[in-house]
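Structure first, then comments.
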Amino acid sequence: MPDRPVPPHPALALDDTVHQRVRLGILTVLSETRECKFATLRDELGLTDGNLNRHLRILEQAELLRVVKGYEGRRPCTWLRLTRQGRAALRAEVAALEQLVSRLRDATAEPEPES
Amino acid sequence: MSSTDGKRSVEILAELDRLRDRTRTRTHNGAWLPALAVAVLLLASTALYRTPFAQSRTTVVHHPYWAGLPDEQRHPVLSYVFWFVGVPLLVAATGTWYGWRARRLGLRVSWPLFAGTGLGVLLLLAVVAAVPRTEIQPGTLVDQQPGWWHGMLTPLLSIAVAVLALAWAERSPALAAAGAWIALLTAWLCGSPRLGELAPWATDILGWQSGSLGGQLALRPGHYLVLMALPLVVFAAVRAARSRRRPDA
């Protein structure tokens, strides 16, 4: 009897760009709003300007978010917006994480073999 | 996969859930004001009818229904001006509110969708309907009356669509239900030959009289407008109370 095809492990669906904890946080905040101010995101995630900038550059290069520069009165202001790819990437990442968790639950629920 | 990886995934998911809830609450806590403003506009439009709450022996209905519902209005031009000034004012107030919140919180809502939809549908109605002039006398034969779709030339339709757009921008199923309720009442009231007319099957369901020829609810435009505004008022009260409890959740 031929072996049944083994489904790929959910960990393989994790995207290295998105999976990083801070970047997941950035995408999650942006997914709940049309645009978010740089300073708000920095305070929300408890990061420094430099640290947030580094993660934003990576996400921008992957075209997962867009940086919109403007002015508020005379003060320069940076707004961040999730792209369609960013939304899809976040959804896929959360789905992969949920699959991992359900796999763990199934594994722990299985009765231990008797010795 | 080790159990440590799994536990880490559980932690990450829980953290993301907390972050999502917090951002959602902060972003959408301000929805109570536009909802209340729309409700106030609906309730204020009762002033456009000659007898908004009392029964009237004779009614002369002008088409298109610039007051909103097919009933005798004080003056068609007054109704026309009310909506064409009222809706832009509502949009301007909403824009000011969302602009202030965005500066304070650093979070923006897709409110231009609400503004564009409300104004766009109203302008479309104006283009289609041009100016109010057709008079429908009571007792007109059914086949001489305009089709049901003529009833859709009412500013209430733009309000219903704008509330649905607001629901989408605010990701609120409750606002979506309120918009659908206004659309449903508008389609029924403006699509029937007489205000509040019930089809035979509806009177059968209500158990008034089996096999009847239909009926009519003894409600006036003011009552229907209160019914339309009620879900919005409840939504605004609940959301405002929540935002007072958790102003910066």
Side-chain angles (χ1 to χ4, degrees), chain A residues 8-14 18-46 52 68 70-73 75 77-82 87 90-91 93-110, chain B residues 1-31 34 94-117 165-173 243 246-249:
Chain A
H9 194 282
L12 295 175
L14 296 175
V18 181
H19 188 60
Q20 204 278 341
R21 212 167 175 138
V22 172
R23 293 201 278 274
L24 257 180
I26 293 171
L27 294 180
T28 302
V29 170
L30 294 184
S31 72
E32 288 301 324
T33 177
R34 185 167 73 100
E35 279 176 359
C36 178
K37 217 188 261 186
F38 179 93
T40 303
L41 193 59
R42 179 198 60 203
D43 297 344
E44 188 69 44
L45 300 173
L52 178 58
V68 184
Y71 283 89
E72 217 165 62
R75 283 170 48 196
C77 186
T78 304
W79 290 86
L80 307 158
R81 178 189 279 215
L82 200 63
R87 200 169 291 278
L90 176 66
R91 210 176 295 137
E93 190 67 20
V94 170
L97 283 172
E98 279 168 350
Q99 269 191 328
L100 273 172
V101 171
S102 79
R103 219 176 153 111
L104 173 75
R105 286 209 182 107
D106 291 349
T108 51
E110 274 174 17
Chain B
M1 181 188 74
S2 69
S3 68
T4 321
D5 287 342
K7 278 175 192 154
R8 201 164 156 261
S9 300
V10 173
E11 278 171 25
I12 292 174
L13 281 174
E15 197 179 313
L16 293 184
D17 271 347
R18 271 197 302 275
L19 198 57
R20 188 180 296 117
D21 279 352
R22 196 176 135 78
T23 313
R24 185 174 291 179
T25 308
R26 287 182 77 197
T27 307
H28 301 299
N29 250 356
T94 305
T96 309
W97 168 248
Y98 279 122
W100 175 75
R101 277 182 61 83
R103 278 192 302 279
R104 200 169 66 90
L105 296 173
L107 299 164
R108 278 181 179 157
V109 177
S110 301
W111 75 269
L113 182 79
F114 161 71
T117 310
L166 183 66
W168 191 87
E170 291 285 3
R171 298 178 193 186
S172 165
S243 71
R246 299 168 63 188
D248 214 17

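Everything numeric in this text was worked out from a predicted model, so none of it was measured. Reminder, nothing fancy here: chain letters follow the sequence lines and each chain counts from 1.
For chain A, the option among B/R20, B/E15, B/H28 with the highest count of heavy-atom pairs below 4.5 Å is B/R20.
Taking 4.5 Å as the heavy-atom cut-off, the residues of residues 32-39 of chain A that approach chain B are A/E32, A/T33, A/R34, A/E35, A/C36, A/K37, ordered by number.
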A/L45 vs B/L19, side-chain contact (heavy atoms from CB on, under 4.5 Å): CA-CA, chis, key distance, verdict
CA-CA 9 Å; A/L45 300 173; B/L19 198 57; 3.8 Å; yes

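What you find for A/V29 and B/T23 is that their closest heavy atoms are O-CG2, 3.6 Å. Here the closest non-hydrogen pair linking A/V94 and B/L16 is CG2-CD1, 4.3 Å.
Interface residue B/S110: backbone and side-chain heavy atoms are both found under 4.5 Å from chain A. Residue B/A102 touches chain A through both its backbone and its side chain, counting heavy-atom pairs closer than 4.5 Å. Contact of A/L41 with chain B is not made at all, since no heavy-atom distance falls under 4.5 Å. Interface residue B/R103: backbone and side-chain heavy atoms are both found under 4.5 Å from chain A.
In this structure, CZ on B/R18 lies 12.0 Å from OG1 on A/T28, to the nearest 0.5 angstrom.
With sequence neighbours excluded, no residue forms a ring-ring contact (aromatic ring centres under 6.0 Å, His included) with B/W168.
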